[in-house]
Structure formats: structure tokens, C-alpha cells
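Comments concern the structure below.
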2 protein chains.
Amino acid sequence: MIVISTIRDVAKLAGVSVSTVSRFLNKSGYVNAETERLIKDAIEKLNYSPNEVARGLAGKKTNTIALILPDISNLFFSDLARAVEDVAATYGYTVIFGNSDDQGTKERRYIETLKKKYIDGIIFASNTLSREDSEMLAKLGIPFVCLDRGPSEKNGSVVRSKNKEGAVMAVRHLLDVGCRKIAHIYGPQDLITGKERLNGYVQSVQVFEWYTPTLLEPGDFRIAGGMAATERLLERHPDIDGIFAGNDLMAVGALKALQRRGIAVGCQVAVCGFDGIQTTEITTPELTTIAQPIYEMGAHISRLLIKKIEGVLEEDRIYELDVKLIARDSTLRRKVPNEQG
Amino acid sequence: MIVISTIRDVAKLAGVSVSTVSRFLNKSGYVNAETERLIKDAIEKLNYSPNEVARGLAGKKTNTIALILPDISNLFFSDLARAVEDVAATYGYTVIFGNSDDQGTKERRYIETLKKKYIDGIIFASNTLSREDSEMLAKLGIPFVCLDRGPSEKNGSVVRSKNKEGAVMAVRHLLDVGCRKIAHIYGPQDLITGKERLNGYVQSVQVFEWYTPTLLEPGDFRIAGGMAATERLLERHPDIDGIFAGNDLMAVGALKALQRRGIAVGCQVAVCGFDGIQTTEITTPELTTIAQPIYEMGAHISRLLIKKIEGVLEEDRIYELDVKLIARDSTLRRKVPNEQG
DNA sequence: TGTTGGTGTGGAAACGGTACCATATTGATT
DNA sequence: AATCAATATGGTACCGTTTCCACACCAACA
């Protein structure tokens, strides 16, 4: 067993007081250049590094943040988590993660635990945060930021992308490649992502005479839901030639359902997703999608939280990031323009 | 700002000493039934719950474990992470994660940080842990367990699956569906998964006259690597009718390369992967794979670590979990037996 | 010459728990 | 009546930091 040295050991070896060492470590207050050398040497010799737990207790700062998300095994969130951790590590923060499965109880349990652990701040990528909880956090003085939330409450800063605008882009793209009857599989309406994308779709298509509300079909943001929704759509409207899915997973489901019916994706029916997860490159044909800057969102939200923690930032804001159309083979139709891949 | 109460507040309100409250909280030592009631009431009234940081400092136990993996955005590891967190939460542990990108330096940096934070134990799903590091951890008395490591060193317990056996299963399956010239795209040979799967393949095929070492091609366990390897294989052996890829991502790459050449996957060339990640259900055709029980591995390794932490477990062992063939359309050939899907 | 103000340092009380040790009471045992 | 073990409780040092406060020194300034 190795013996770990403490600040007292350093102080003793350097022949100064504990306070002086502490002042040196934190660059707070005066330390003579000469003394500094002594302390540095002692630290070197003892291979000392400060105990973070003791620091946490004394200073109520643990250099740890938490990331609460619905499910880390969901592609979107694992990408996000990667970004969050990258940025956090850069700033010297450690990341704790928790899966909420979109259940308020689980989320609350995490908050409870995190509070006891003096976590410095929380990122909610989960959307079950209730008003009471957010107020509680505010009262406790725990900084937090949210992903994909509406501006409904005064709940911290929010990072999201231009969902409605993206939906408009998707529809326009489908029209551009020649679609004349476009259906939409929309996501859960308690999620801003589900709602805004639906809004964008409706706004874009309602001017056309072919539009009818039966071209709308609900999905659950998952593959199976996308498949089922597609089946129902084809039942009602065998003549649709374009599907805009509320997210990529449902688009994958649509792809599978179409293929199962022997419908050629791209030629007969064009499919466009939303999110830009890695999986879209894996399907055959590759999936056209409105890509959110997932990594950037994670990096941004993470930086935001850290700024809040360190007091650099005070007012809460909503940040809307740009989305980007990535046209691929799932929307490759007759009138092929000789542009991007 | 809410005022948080301490154990002293509870003691005062209950009219007992701090020690008694502590004894009650930890169920250590005697506490009279009457006193217990008083304490319980006080705790209730003050909405008290013990400060984990102070506990950590006093007891050197933080109820926090760390999960070091190459990249959380990699499907395999995000599945694993989900399992680890689920189990950890059940046992009252919180999970910190870190991306090592398989770089020893990053890994070492995490260890350094975790040590200072009195983390209770570490799971290494990353394979860059050096002998010195593992010895250091042992000296520091920090329990740890590893995923997918060889028994080379005396480094904690190891959880992995039957890689060689799985490779043998893969080859047998390819032969069963009628393949007569099977190539193998192997993974990095510094990983036990890469090595053992290659072993299994070679052992299974070397008895056949068609076998030649040029049917082996290295890959990097990623999609692009799988594509490139497939290209090279087809160059050398245009007549191969089966490909066993060392993991699913490379199998996806093979799929893409074959499709790009207009080769019908399943009919002309059968493809089998290894791992059983979700993505295998998304490709067209769906990918046959040797599935590792990923969730189970994560759950198991996590339970193992917790047992080590709590002293229930002492000797280190290697646990080898069973793999399972999941036959899908990517290996659907002429002689179709009317069995499973 | 007494008063500033910057520089440099140490002592000690927090932070919020745990755990060891001392002490007290009780009923049973010898 | 003395001894003992089980029950019950309190006091306090300790975990390893930070931070506040007191104090000392020195140069400059009025």
C-alpha cells in the first residue's frame, strides 16, 4: 500500500505553514518567490496532489457535472455524451451520467443523489424535468442547462436546434426531388422536437391541394414506431411518394416497412429523416436527413453549464443551432440534379 | 436559498448526540427503539439526508465507480454503459465515465483524477491499461475489473465472451449455408477479441484445401476499415462466397463494399459479423452476427466490481460468457433450411 | 515620527461526517 | 456481593482541505 501525502506533509517538508501551501496551490493570496520554490520542491518530492474530496467538503465545489439523459444506448445521446465529456474534460470537470428513461421519478432520484454529492451542475437532455424540480434546483443554487426544451418556464438556459426550419428544409427538399404527396410521421408532441418538426411540415405543405391531415401519422421516435406508422400510411395513401419522418430512427423504420412491401426507396418513395445520427450512413440506401450538429450541441451545452458554474454567465438564454440538409440516396428521384452527394 | 441541515442539527433537535445519530444512520452499534423514533422524527422534520462528500472524506468511500471506455459514442460501448449504470444505480452507486480513445495517456489522466476523488472502483473497457498502471491501482487499493483482456497479467477480474468459440460458430454457419470459400477480416491483434476470433477462424478453415492465408485481411474494427479490407479481398479472390468479419462494424463495411460492386449480399456472398450491436438489424439485408450478450456483460462486470469493492469477492477470475448465432438475411443462401429467421 | 498600505506568513476554525473510546445502566451469572 | 456481558449514549479526534483573521515587516508618505 502506497502512502498518500497530504498538504500537511508538504507544509512540513517545505518548512512553511499549511495555509501558505494552500495559498500557493490556489494562487490565492501572497506567496514569496523563494517560498514558492520550496513548496514546489516539496510537492515534487512527495508526489503530492490535493485531495478532491476534502476540497469538495471545504469549498463545496467538486469539479463534477452530471448528464441526465433518457438512455445512453440511444445513438443520439451517446454522441451527445461524447461531446459533453470531451468539453468537460478540457475544463477539468468529470462527468457523471444517469439514464432517466424519461421517467420523472428516476430523474428526481438522480437530483437527490447529486445534491448530496455536491455536484457542480447538471445537464438535462431528458425532458421530464418538472417545474417544481427546476425551482428546487434554483433554490439549492445548483446550475443547470437543458437540451431541447421549450421556453415555457424560467428553467436555465436551453440549447436546441432549428427544428421547425429543419422540417421546412426537409419538405422543400422532397418537393425539389419531385415528390407530390408527402406524408409525415411525427414524434411525441410533449417533446419540442416532435412538435416543432410537425409545425414546420404542416406550414410547408398546407398550401398544396394534395395536403390532407390524414397524411400525418404519429410515431414514438423509435424504429418500430416508424415501421408501424408507415404501414398505416401506405394503407390509407398507397400513392404517397415522399415521407418525412420526425427523426432518423423512425425514418429507418419507414425504410424497412417500404422495403418489406417491395417499394423502391428513393425512386418510388423518397424518405427523409431528422437528427443526423451515424446510422443514417449505414442503411441501404443511405438516408437523407436533416442533421443537427449533435456534437456541437453537446459541446455548447457543456460549455454553457461550466460558464454558469464559474459565474461567467448569468442570464439564461435559448440557443438555437443551425441544421443542415444531408441529401443521400433515399431521396434520389428521377429529376436528379448534378449536385452534392 | 434553502438551508441544508446537518447531522448536528438532527442531533440537537432529537436531543441526542451526533454519534447516536450517526450510529442510527449507518445501522452500526446500539440505538434504543425510543431514541430511534426521536431521530427519525427529527430527520423527517429537517428533511435531512447525509452529505456524501463529508462521508467520503471521513470514510474514504464515495459510492461512485468509474467506467473507462474507448468511446461512448461507439454502439457497443454505449450499450455496455447502459448496463453498467443500471446495475450500479441498483446498488446505490453513481457512475463516472471517461473516453480514452484507446490512448494510454488519457487513461492515466483519468486514473489520476479518480484517485484524488476517492472513487471506489474502476471498470476498464478500454484496453490500454498498462502493467504499471494496474500495479499502481493494486498498490493504491483501488479495485478494478477489465473487459476483454487476456489473462496476461494479474490484473483484476476479467469479463469477456467466448470469442474463439464464436468464430468457430460463424465459420460453421457460413459453411452450412453453402459457402465454399470464406475470407476473414480480422481486427487489431493487440485486442484479445481480434486475436481470438482470428484463431477460431483459422482453426476452422485450415483443414480445407481452398484455405490460403491470403483470405485473411486486416481491419480496424470500424466501417471504413471493413470496406477497404473487402475491396482488397475481392481484388485478390473474386470468387469468395463468404466473409466473416471480426466485428459488426467491419461487417457493415463489407456489406457496403459488396453492394457498391453490385454483388448480392446473402445470395452471392454471405456476410457474418460479430458483436450483436443494434445496427445489425438496420442494414439491408439484416446482418447475421455472433451476438455477445453485451448488456449481460456490462451488468456482470459491474456487479463484479461492486462485490470487489464491498469485499464480498476476493480472488480474481476470468468470466467467459456465451455467444449466440443470430442468423439473418446476410447469410441467406441457396440451400435454405426451414429453420429460424 | 506616526500612519498608511502592500507583502508575506501562520494559527485555527470551519466543512459534515465517522469511529474509537469512555462511561453508565441493566440483568444475569458466579 | 462482585463480576460480566449486552445495551445505550456521549465526547472528541480525525479525514484533508480552505479561509478568515491576526500579526509582522518594510517602504513610503505626510
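Worth knowing before you read on, the calculation uses all heavy atoms, side chains too, and leaves out hydrogens, waters and symmetry mates. By convention in this document, chain letters (A, B, ...) are assigned in the order of the sequence lines, proteins followed by strands, and residues within each chain are numbered from 1.
The pair A/Lys139-A/Glu135 does not count as a salt bridge, with every side-chain nitrogen at least 4.0 angstrom from each carboxylate oxygen.
In terms of the salt bridge (Lys or Arg N to Asp or Glu O under 4.0 Å) criterion, residue partners of B/Asp86 (sequence neighbours excluded) are, by chain and number, B/Arg82. Taking B/Glu52 as the reference, B/Arg55 meet the salt bridge (Lys or Arg N to Asp or Glu O under 4.0 Å) condition, with sequence neighbours excluded. Applying the side-chain hydrogen bond (donor to acceptor under 3.5 Å, both in side chains) test to A/Tyr48 and every residue at least two apart in sequence or in another chain returns nothing. Applying the side-chain hydrogen bond (donor to acceptor under 3.5 Å, both in side chains) rule to A/Asn51 yields the partners B/Tyr118; only residues at least two apart in sequence or on another chain are considered. Under the rule for a side-chain hydrogen bond (donor to acceptor under 3.5 Å, both in side chains), the partners of B/Arg37 that lie at least two apart in sequence or sit in another chain are B/Asp41. Residues that satisfy the salt bridge (Lys or Arg N to Asp or Glu O under 4.0 Å) test with B/Asp148, not counting sequence neighbours, are absent from this structure. For the salt bridge (Lys or Arg N to Asp or Glu O under 4.0 Å) test, no residue two or more places apart in sequence or in another chain qualifies with B/Asp102. Remark: A/Lys115 engages A/Glu112 in a side-chain hydrogen bond (donor to acceptor under 3.5 Å, both in side chains) (not counting sequence neighbours).
One end of the helix from C/dT1-D/dA30 to C/dT30-D/dA1 points its axis 60° away from the other end's axis, with each axis taken from 5 pairs and the angle rounded to 10°.
Atom pair B/Asn26:CG and C/dG17:C1' shows a separation of 9 Å (rounding to whole Å applied).
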Could you run through nucleotides 4-16 of chain C and give me one letter per nucleotide, 5' to 3': B if any protein heavy atom sits under 4.0 Å from the base, S if only the sugar-phosphate is that close, - if neither?
--SBBBBBB--BB
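Evaluation of the salt bridge (Lys or Arg N to Asp or Glu O under 4.0 Å) test over residues 2-18 of chain A, restricted to residues two or more places apart or in two chains, returns none.
A nucleotide of DNA chain D counts as in contact with chain A when one of its atoms lies under 4.0 Å from a heavy atom; the first and last such, 5' to 3', are D/dG16 to D/dT19.
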